[in-house]
Structures are given as structure tokens and as C-alpha cells.
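Here is the structure we will look at, set down as C-alpha cells.
Letters A, B, ... are given to chains in the order of the sequence lines, protein chains preceding strands, and every chain is numbered from 1.
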Amino acid sequence: MTGRFSGKNAIVTGAASGIGRATAHRLAGDGANLLCVDRDEAGLADLLSSLGGSHAALTADLSLAQACTDVVQTALRHWDRRIDILVNAAAILIRQPILEHSRETWDLTIDINLKAPFRLARDVVASMIEGGIRGAIANVGSIEAVLPIAGHAAYTASKGAVTMLTRSAAFETAPYGIRVNAVAPGATATGMNADLRRDDPDRWREMLSGTPMGRHALPEEIASVIAFLVSDEASYVTGAVVTADGGWTLH
Amino acid sequence: MGAGPSSDAPVAIVTGAGGGIGRGIAITLAERGYRLVVTSRTAADLERTRELVEEAGSSGTVVVADLKDPGTPSLLLRSALDSFGRIDGLVNNAALNIFVPFWDQPDRNLDDMIETNLTAVFFLCQEVASYWVRNALTGAIVNISSAEDTIAYPDQVPYASSKGGLLSVTKVLALELGPFGIRVNAVSPGSVDTEMTPDIYRREAPKLIPIGRLGEPQEIGTCVSFLLSDDASYVTGTSIYADGGYMLL
């Protein structure tokens with residue numbers, strides 16, 4: 001297959017749905033070889049059949065450190081030690097008011113949204129440096145790191161951390177030709193907010209009223225930013241957090 | 001020294017108060033009439049901080065505790081209430097930074113830094129804020145972040161991540177606790193002169209910092225004091241960068 005990612009090996013986490021799934025389609029459509037990672041085994045099987053080609057999938061619970069290690073080791077074995085691209089799209093959002101926030105919910109959110117991207121990026125960077133591969137990593141942050149939403153404390157903390165994970169990892173890896181960037185989406189229609197859109201459409205509309213474009217993003221509109229960031233088109237872009245929010249943070 | 005603080009003087013908890021910036025904050029707050037609960041993991045360091053608090057004309061209670069222990073938030077709150085009968089301010093200053101290249105940082109370092117610099121802060125905020133809300137009281141919280149919540153330095157990815165998270169969680173705390181009359185802000189210091197500061201920082205400071213020198217711990221203390229005070233009554237969810245202009249270069 002030809003395309004701007006032709007011959008590139010890419011890991012995409014959270015690939016079974018939402019932004020991760022759209023990113024998998026976008027990268028595969030431009031020629032990348034994928035290792036699709038998610039905890040949703042059926043969702044991964046469905047993704048692989050919709051992608052066609054010879055992509056790989058791995059069912060993994062990224063809240064576990066060992067699972068992160070397994071993802072990178074599997075990719076290195078599968079691709080003869082060459083990983084070119086990592087997209088950290090897996091994330092969870094559990095709504096809980098601050099005064100009632102449980103430790104369990106906090107830890108699970110931090111483990112999946114922050115520690116997993118850290119661990120995966122760390123191990124992928126190590127392999128890139130070892131192999132002299134000038135690769136690219138994209139993280140998914142959130143505009144909520146800057147404009148928080150009540151009830152999203154752990155998610156907000158994790159996404160603020162992802163912003164600085166992106167910037168500080170970019171700083172350290174730049175001398176090796178490795179780029180690390182992030183996209184900060186606004187309201188995007190994914191499984192993360194499917195319940196809200198279904199059960200409380202007024203609340204969702206109220207959120208969108210704060211978006212100058214007056215609509216939510218489709219996952220594909222975030223995936224296209226990620227695809228740009230991990231492509232050679234963005235060869236001088238590193239440590240950037242690209243806002244894709246329909247104008248939410250303008251006011 | 002006078003007769004010490006009055007029994008209705010305000011009370012603040014300062015974590016990481018055994019030295020450096022935390023001790024500077026404690027002394028500054030003592031000078032401005034706060035009674036203090038000072039905490040860290042090392043008893044001898046805290047005793048020295050308490051002496052300095054008393055020399056500043058106030059009184060202090062020492063609590064030796066590890067912020068990674070889930071029982072610490074309630075222990076600190078109880079100490080404030082048992083010792084002084086009230087709590088008005090919380091200053092989350094304790095932090096851990098372990099310098100290792102990104103690709104060599106072991107999980108243990110990541111876990112320790114996220115726990116100390118982010119998770120423990122959140123749950124101490126929750127403990128104190130819950131007390132205020134339950135009793136229809138108000139108060140103010142200041143989290144000590146870092147210029148590294150915005151700019152990158154080498155070998156500190158977990159630390160920078162924790163501080164980026166801390167800056168964001170400060171905002172969501174401010175958002176959710178605002179309706180209860182609780183303000184939450186941050187101070188983000190640049191390079192501050194403490195017992196841990198390498199000499200090279202002092203030598204290089206004139207080149208790297210527009211003000212031409214490192215900060216003094218009590219120059220962080222004055223920012224904290226402002227944010228805790230009613231002078232900052234309309235200030236919430238933000239951070240003061242106290243860095244001598246470092247981020248301008």
C-alpha cells in the first residue's frame with residue numbers, strides 16, 4: 001500500500017473506539033502497519049475486519065504496568081525491533097464530585113490516562129534511540145487541562161499531566177530526532193460521552209453552546225490532527241499541544 | 001517576642017516544611033500572624049522549623065508523617081483542630097523530584113512522584129475542603145507547583161507531568177469548590193535558593209534569570225501569603241509564577 005505512512009509501524013492504543021479507532025483507520029489508510037491495542041477484544045476484532053489488510057491487535061488492560069511492557073515487546077517482536085509511531089489514545093473518564101471522589105477511581109484514571117502513556121512512550125523512545133529511528137509520538141490531551149469541567153477531577157489532572165509529559169518528553173528526545181506532540185480535543189462524540197449525549201442531551205447541548213462552531217467534533221476530525229502530527233508534514237513540530245476544539249477555548 | 005498569637009489567629013497547614021521553600025513559607029506565614037501545622041517525614045528538620053516559627057512570634061505544631069500514607073490527610077486535619085481549634089489555609093508544598101533520563105525512569109520513580117506531587121495533594125485538599133463544607137466554613141488552598149508545570153527541563157518527565165497535572169487539578173478544585181467559598185490557587189516557583197541548590201545555579205543565575213539571582217524561600221512565602229489572604233478574595237484557579245522572569249528567556 002502506498003501513502004505517507006507506507007512502511008511505517010504504528011502502535012495505536014484505545015483503538016477499538018472513538019478517537020483511537022478513527023486514528024487507526026486514518027493511519028492504515030495512508031499505508032501504516034498497525035498494532036491496535038484495547039481492552040475491548042470484540043471491538044478490536046471488529047476494527048481489524050473493517051481495516052482489512054494484515055494488521056495486528058492485542059487485547060490489554062493498560063492500567064497494569066506489565067500490560068504496557070507487553071505491548072511494546074509484542075510490537076518489537078512483530079516488527080523486527082522497529083516502531084516508528086506511537087499514538088496514545090486510550091483514556092477513561094469517570095465523573096465524580098471532588099468531595100466524594102474515591103481513591104480507586106482516581107488511581108484507575110491516573111493509571112490509564114497518565115501512567116500508561118508515560119510507560120509506553122518511555123519504552124518506545126528507548127527502542128527508537130537504540131535503533132536510531134527518528135520516530136513520532138502523539139498523545140491525546142484535552143482542553144479540560146486548561147478549562148476544567150466540574151466532576152472531572154481525576155480526568156483533568158491526568159490530562160494536565162499529559163500536556164507536560166508531551167512537552168518534557170519532546171524536550172529530551174528532540175536531540176535524537178524523535179518528536180512528541182499532543183492534540184487537545186474539545187467536545188468530541190465518542191464512547192466517553194455517549195451516555196451523556198443519550199441520557200442528558202440538554203447538558204450536552206449546553207456544553208456545545210460554549211463551542212463557537214456550535215457542534216461537536218467527529219473522532220475523524222481529531223484523528224486527522226494526530227495523523228498530521230505523526231507525519232513528516234510536521235517534521236519541525238515537537239512539544240506542541242494542538243488545540244482542536246471548535247473554538248471552545250477562545251473565550 | 002510578644003505574648004504569642006491570639007487564640008483566634010488563623011491556622012494553616014504547610015507540607016514539606018522541614019526545609020527549603022516549605023520552611024520559608026512557614027516563617028513568612030508565622031510573621032503574618034498564622035499559627036502553623038508543619039509536616040514532613042523528618043522530625044529534627046521540623047523541630048527547627050517550629051523554632052523559627054516561634055522566633056517569628058507565632059506557634060507551631062509538628063506532625064511527622066508520610067504523605068503517601070492514606071491516613072495522613074485526616075491526621076493533619078485533626079492536628080490542626082486539636083492544637084488550634086480551627087483551620088483556615090492549606091499549603092501543599094511537599095514534592096519529590098528524581099532526575100533520570102526519560103527512557104531510563106523506572107516505574108517506581110513515576111509512581112513515587114505522581115503519588116507525592118499530585119495524588120497526595122488532591123486527597124489532602126479533599127480532606128480539608130470536606131471539613132470546611134461540612135461545617136459551613138470557608139478557606140483557601142495554595143498548591144506549590146513549578147515553572148515546570150509549563151516549561152521543560154531535562155531528566156524530569158515524571159516531575160513535569162506531576163506538576164502539569166497539579167496545575168490542572170488546581171483549576172478543577174477552584175471550579176468545584178468556588179460555590180462553597182473556597183479558593184484554590186498555585187504558586188509556580190522558578191529556581192529558589194535552598195540547602196539543596198547546587199552552586200552552579202547560583203553562579204549561572206545572572207545569565208539565566210532576568211532578575212539576576214535565585215529566589216529566596218520567603219519570596220515564595222509572600223506569594224502564598226497573598227493568595228491565602230483576603231487581598232486575593234477574587235483570585236481563584238490561577239497560578240503566580242515567581243521565577244524572577246526565568247520563563248521570559
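When A/Gly160, A/Gly239, A/Ala153 are compared by the number of non-hydrogen pairs under 4.5 Å with chain B, A/Gly160 comes out ahead. For the set B/Leu167, B/Leu118, B/Asp104, the entry with the most heavy-atom pairs within less than 4.5 Å of chain A is B/Leu118. With chain B as partner, the option from A/Ala121, A/Cys68, A/Ser127, A/Ala154 having the largest number of non-hydrogen pairs under 4.5 angstrom is A/Ala121. Contact tally against chain A (heavy-atom pairs below 4.5 Å) for B/Asp155, B/Val169, B/Val157: the top residue is B/Val157. For the options A/Ala170, A/Ala169, A/Ala126, A/Ala150, heavy-atom pairs under 4.5 Å to chain B are most numerous at A/Ala150. Interface summary for chain A: among B/Ala160, B/Gly165, B/Pro101, the most heavy-atom pairs under 4.5 angstrom belong to B/Gly165. Of the listed residues (A/Thr173, A/Ile129, A/Thr166, A/Asp123), the one with the most heavy-atom contacts under 4.5 Å to chain B is A/Ile129. In terms of heavy-atom pairs under 4.5 angstrom with chain A, the leader among B/Leu166, B/Ile114, B/Thr170 is B/Ile114.
A salt bridge links A/Arg103 with B/Glu115: the distance from a Lys NZ or Arg NE/NH1/NH2 to an Asp or Glu carboxylate oxygen falls below 4.0 Å. Taking the charged nitrogens against the carboxylate oxygens, B/Asp69 and B/Arg41 have no contact shorter than 4.0 Å, which rules out a salt bridge. Under a 4.0 Å N-O distance rule, the pair A/Asp107/A/Lys115 does not qualify as a salt bridge. Under a 4.0 Å N-O distance rule, the pair A/Arg119/B/Asp111 qualifies as a salt bridge. Electrostatic pairing of A/Glu130 and A/Arg82 does not count as a salt bridge here, judged by no charged N lying under 4.0 Å from a carboxylate O. Using a 4.0 Å cut-off between charged nitrogen and carboxylate oxygen, B/Asp88 and B/Arg86 count as a salt-bridge pair.
Heavy atoms of A/Val124 lying under 4.5 Å from chain B are absent altogether. Using a 4.5 Å cut-off between heavy atoms, B/Asp149 contacts chain A through its backbone alone, with no side-chain atom that close. Contact annotation for B/Phe123: only side-chain heavy atoms (C-beta onward) come within less than 4.5 Å of a heavy atom of chain A. Residue B/Tyr153 touches chain A through its backbone alone, counting heavy-atom pairs closer than 4.5 Å. Using a 4.5 Å cut-off between heavy atoms, B/Leu175 touches chain A through its side chain atoms alone. Contact annotation for B/Pro179: neither backbone nor side-chain heavy atoms come within less than 4.5 Å of a heavy atom of chain A. For A/Leu147, no part lies under 4.5 angstrom from a heavy atom of chain B. Proximity to chain B is limited to the side chain of A/Ile110, based on heavy atoms less than 4.5 angstrom apart. Within the 4.5 angstrom heavy-atom criterion, only side-chain atoms of B/Leu177, from C-beta onward, approach chain A. Looking at B/Glu127, there are no atoms closer than 4.5 Å to chain A (heavy atoms on both sides), in backbone or side chain. Looking at B/Pro70, neither its backbone nor its side chain comes within 4.5 Å of chain A, counting heavy atoms on both sides. When heavy atoms are compared at a cutoff of 4.5 Å, A/Arg167 approaches chain B by way of both its backbone and its side chain. Both the backbone and the side chain of A/His101 have a heavy atom closer than 4.5 Å to some heavy atom of chain B. Of the atoms belonging to A/Thr156, heavy atoms from both backbone and side chain fall under 4.5 Å from chain B. In this structure, chain B has no heavy atom under 4.5 Å from any part of A/Thr69.
Within 6.0 Å of CZ in B/Arg202 there are more than 12 heavy atoms belonging to other residues, nucleotides or ligands. Atom CG of A/Asp80 has 12 or fewer heavy atoms from other residues, nucleotides or ligands within 6.0 Å. Other residues, nucleotides and ligands contribute only 12 or fewer heavy atoms inside 6.0 Å of the CG atom of B/Asp230.
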Starting from the C-alpha separation in whole Å, work towards a yes-or-no answer on side chain to side chain contact (heavy atoms under 4.5 Å, CB included) for A/Thr59 and A/Asp38.
CA-CA 5 Å; A/Thr59 307; A/Asp38 207 290; over 6 Å; no

Could you give me the CA-CA distance, side-chain angles and deciding distance for B/Phe122 and A/Trp106, then say whether ring pair (Phe, Tyr, Trp, His ring centres under 6.0 Å) is met?
CA-CA 9 Å; B/Phe122 176 76; A/Trp106 175 276; 4.3 Å; yes

Can you list the steps and then say if B/Phe102 with B/Gln156 is a side chain to side chain contact (heavy atoms under 4.5 Å, CB included)?
CA-CA 7 Å; B/Phe102 176 41; B/Gln156 301 172 62; over 6 Å; no

Please test B/Ile144 against B/Asn92 for side chain to side chain contact (heavy atoms under 4.5 Å, CB included), starting from the C-alpha separation and ending with a verdict.
CA-CA 6 Å; B/Ile144 305 304; B/Asn92 285 298; over 6 Å; no

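Shown are B/Val63, B/Leu124, B/Val91; of these, the side-chain contact (heavy atoms from CB on, under 4.5 Å) with B/Thr15 is made only by B/Leu124.
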